[in-house]
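Working notes, structure below.
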Amino acid sequence: DGGITQSPKYLFRKEGQNVTLSCEQNLNHDAMYWYRQDPGQGLRLIYYSQIVNDFQKGDIAEGYSVSREKKESFPLTVTSAQKNPTAFYLCASSLGVRSGNTIYFGEGSWLTVV
Amino acid sequence: GIQVEQSPPDLILQEGANSTLRCNFSDSVNNLQWFHQNPWGQLINLFYIPSGTKQNGRLSATTVATERYSLLYISSSQTTDSGVYFCAVADSGYALNFGKGTSLLVTP
């Protein structure tokens, strides 16, 4: 099946530990995104990538890091510098970052830091 | 970035009722999309509609770009329509910026 796969679905980590969320797509999309969603809130952009080996910070990039070594993969690392990492994380992709391109989302990853 | 405001924040309907959700945005956009997030968190794209009107079954959307708003219409609502509806906008070359959503509950 074509789509976006995020893993793990649920993740618990101790405070101070780094954690990496996986995002893989087989839609042959150039652009990939990471959004964060807090309860009762909209989605806020963390990072996005328009092409392999290139990425840009979004509105809330502090405490996060990404890489884009392959077109299909865009992992997100939540570092210990992120002050409040507990949230729902959504990965998405589109043909490109320009008008007319529908964006598709993965099923999300719930991260709880204790 | 472009500000997005959605109203109402919460809505409760009885099955079969119609509803209108509104999205206001602060600047001109060339990308506007409506999404539905189901109770399990999955986001589904409903419409790409930077201007004009589109219909898909019981759902339709209208964007008046010159007045910077978009409307999502849900007719003959069903319990499966429950969830959160998001409007997201962008200017050329930028990633989508999301509103806070309208939480819809359709009761039997």
Side-chain angles (χ1 to χ4, degrees), chain A residues 3-6 8-11 21 23 27 29-51 54-61 66 68 74 87-111, chain B residues 1-11 21 23-52 54 56 61 63 65 83-105:
Chain A
I4 302 171
T5 302
Q6 290 187 236
K9 178 75 172 176
Y10 301 96
L11 187 59
L21 306 179
C23 178
L27 300 169
H29 285 169
D30 286 318
M32 296 187 74
Y33 314 80
W34 275 104
Y35 286 90
R36 168 181 171 143
Q37 186 177 24
D38 293 284
Q41 299 296 313
L43 280 66
R44 293 183 291 167
L45 182 66
I46 304 173
Y47 270 97
Y48 67 102
S49 168
Q50 300 189 59
I51 198 167
D54 184 51
F55 47 82
Q56 288 80 41
K57 292 182 179 180
D59 299 323
I60 55 165
V66 294
R68 188 83 188 277
F74 192 40
F88 186 49
Y89 291 88
L90 285 152
C91 178
S93 72
S94 67
L95 281 172
V97 183
R98 59 180 185 269
S99 62
N101 289 319
T102 300
I103 188 170
Y104 298 90
F105 282 87
E107 293 186 346
S109 293
W110 292 92
L111 172 63
Chain B
I2 302 174
Q3 303 300 308
V4 184
E5 287 189 9
Q6 292 187 243
S7 60
D10 301 282
L11 189 57
L21 282 56
C23 171
N24 292 332
F25 43 96
S26 62
D27 209 340
S28 58
V29 300
N30 61 8
N31 190 346
L32 188 149
Q33 300 186 31
W34 283 96
F35 296 86
H36 174 231
Q37 187 172 38
N38 67 23
W40 297 271
Q42 179 70 51
L43 271 157
I44 302 297
N45 186 287
L46 299 174
F47 294 104
Y48 164 75
I49 187 165
S51 63
K54 289 186 177 179
N56 184 2
T63 297
V84 183
Y85 290 82
F86 289 104
C87 170
V89 304
D91 196 0
S92 180
Y94 292 92
L96 286 171
N97 189 28
F98 282 74
K100 293 188 176 180
T102 292
S103 179
L104 173 64
L105 176 63

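Numbered from 1 within each chain, the chains take letters A, B, ... in sequence-line order.
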Can you name the closest pair of heavy atoms from Gly41(B) and Leu90(A) and give their distance? O-CD2, 4.2 Å
Between Gln6(B) and chain A, with a heavy-atom cut-off of 4.5 Å, which part of the residue counts as in contact: side chain, backbone, both or neither? neither
Do other residues, nucleotides or ligands put more than 12 heavy atoms under 6.0 Å from Lys9(A) NZ? yes
Can you confirm whether Gln37(A) sits close enough to Phe86(B) that some side-chain heavy atom of one is under 4.5 Å from a side-chain heavy atom of the other? yes
Could you tell me whether the side chain of Phe105(A) reaches within less than 4.5 Å of the side chain of Ile44(B), counting heavy atoms only? no
Which portion of Leu32(B) sits near chain A, non-hydrogen atoms under 4.5 angstrom: neither
Test item: Leu43(B) and Tyr104(A) side chains (from C-beta on) under 4.5 Å apart, heavy atoms: no
Chain A heavy atoms under 4.5 Å from Phe47(B): which part of the residue, side chain, backbone, both or neither? neither
Leu96(B) versus Tyr35(A), closest heavy-atom pair with distance: O-OH, 2.8 Å
Just how far is it from atom CG of Asn97(B) to atom CG of Leu45(A), taken to the nearest 0.5 Å? 8.5 Å
Let me confirm one number: the CD-NZ distance from Gln41(A) to Lys100(B), rounded to the nearest 0.5 Å. 4.5 Å
Chain B contact via Leu43(A) - side chain, backbone, both or neither, heavy atoms under 4.5 Å: both
With a sphere of 6.0 Å drawn around CD of Glu5(B), does it hold more than 12 non-hydrogen atoms of other residues, nucleotides or ligands? no
Using a 6.0 Å cut-off, check whether atom CG of Leu105(B) has over 12 heavy atoms from anything other than its own residue. yes
